[in-house]
Enquirer: 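Take a look at the following structure, please.
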Amino acid sequence: QRGASSTSSTSSRSSSSSSVSLESFTSSLHYSLAVVCEAMGQYAEGDAAADACHTARTALYGDPAAQVAKNTTSSATASLQPFHAGSAASARLVGLMHKKAGRFPSALPYYLAAQAAADELFGPSDPTTALYVRELGDVHRRMGNVGEATRCYRRNLEIKIANLGASAALSLCLPLN
């Protein structure tokens, strides 16, 4: 009797674990497909793959946009929702697809969520955060939000200076002739 219950419980956990692994694997395939489509300029296909990836990762790890909203309105830090790198990366990817297609207002909430998640996951002075901040600045610039774009670009440069030193960071900003 006891052995059967244990086997049933193990089987149930294994099935649940397999389901999560399959979902995770599927979301990774969609992510890879979206990246390849973006590199090839096939934005419609990339959009569909990025959306599928983001939907799967949101189901697995939570929605970074909802987490940002909850975290900014919550007064007790103990109730803050943790971010997951997978959902942050997929939000950035969906934002990228919207940006590449010229849909900047649609891209903005995804980049805002990805940047907030990067701040928490990697820290405010991490190079990955700098990338997310710069890309958010690009969207603001394309939308004509010069003040927000400038704020993002300054923060990006400050992070690079902190990580690389002033001369190396500035050399990255200068055009090559």
Enquirer: When hydrophobic residues are tied together by side-chain contacts of less than 4.5 Å, even through go-betweens, does F104 share a cluster with L136?
Expert: yes
Enquirer: Could I get the full list of salt bridge (charged side-chain N to carboxylate O under 4.0 Å, His left out) partners for R154, not counting sequence neighbours?
Expert: none
Enquirer: Do T129 side-chain atoms and A118 backbone N/O form a donor-acceptor pair below 3.5 Å?
Expert: yes
Enquirer: How does the hydrophobic cluster around V146 look, that is, which other residues are in it when side-chain heavy atoms under 4.5 Å mark a link?
Expert: none
Enquirer: S90 and H54: which non-hydrogen atoms are nearest, and at how many Å?
Expert: OG-ND1, 2.8 Å
Enquirer: In chain order, what residues pass the side chain to side chain contact (heavy atoms under 4.5 Å, CB included) check against A107, with sequence neighbours excluded?
Expert: H98, K99, Y111, V139
Enquirer: Using the salt bridge (charged side-chain N to carboxylate O under 4.0 Å, His left out) criterion, which residues pair with R151? Sequence neighbours excluded.
Expert: E148
Enquirer: For S125, which residues count as a side-chain hydrogen bond (donor to acceptor under 3.5 Å, both in side chains) partner, sequence neighbours excluded?
Expert: none
Enquirer: With salt bridge (charged side-chain N to carboxylate O under 4.0 Å, His left out) as the rule and sequence neighbours excluded, what pairs involving residues 26-36 come up?
Expert: none
Enquirer: Can a salt bridge be assigned to the pair D138 and R142 using a cut-off of 4.0 Å between side-chain N and carboxylate O?
Expert: no
Enquirer: Considering only Ile, Leu, Val, Met, Phe, Trp and Tyr, and joining two whenever side-chain heavy atoms are under 4.5 Å apart, list the other residues clustered with V133.
Expert: none
Enquirer: To the nearest 0.5 Å, what is the distance between SG on C152 and CD on E135?
Expert: 11.0 Å
Enquirer: Under 4.5 Å between side-chain heavy atoms, hopping through other hydrophobics if needed: is there a path connecting L112 to V94?
Expert: no
Enquirer: Just distance, no hydrogens or angles: give the donor-acceptor pairs under 3.5 Å from side chains in residues 42-50, sequence neighbours left out.
Expert:
| unit_1 | atom_1 | unit_2 | atom_2 | d |
| --- | --- | --- | --- | --- |
| D47 | OD1 | R103 | NH2 | 3.1 |
| D47 | OD2 | R103 | NH2 | 2.4 |

Enquirer: Do you know which two heavy atoms are closest between I159 and P124, and how far apart they sit?
Expert: CD1-O, 3.2 Å
Enquirer: Rest of the hydrophobic cluster containing L131 (Ile/Leu/Val/Met/Phe/Trp/Tyr, side-chain heavy atoms under 4.5 Å)?
Expert: Y132
Enquirer: Among all residues two or more places apart in sequence or in another chain, which pass the side chain to side chain contact (heavy atoms under 4.5 Å, CB included) test with A149?
Expert: H140, R141, Y153
Enquirer: List, by chain and then residue number, the residues other than V36 in its hydrophobic cluster (Ile/Leu/Val/Met/Phe/Trp/Tyr, side-chain heavy atoms under 4.5 Å); write none if there are no others.
Expert: M40
Enquirer: Is L33 reachable from M97 through a run of I, L, V, M, F, W or Y residues, each pair having side-chain heavy atoms under 4.5 Å apart?
Expert: no
Enquirer: Does D119 have any salt bridge (charged side-chain N to carboxylate O under 4.0 Å, His left out) partners at least two apart in sequence or in another chain, and if so, which?
Expert: R155
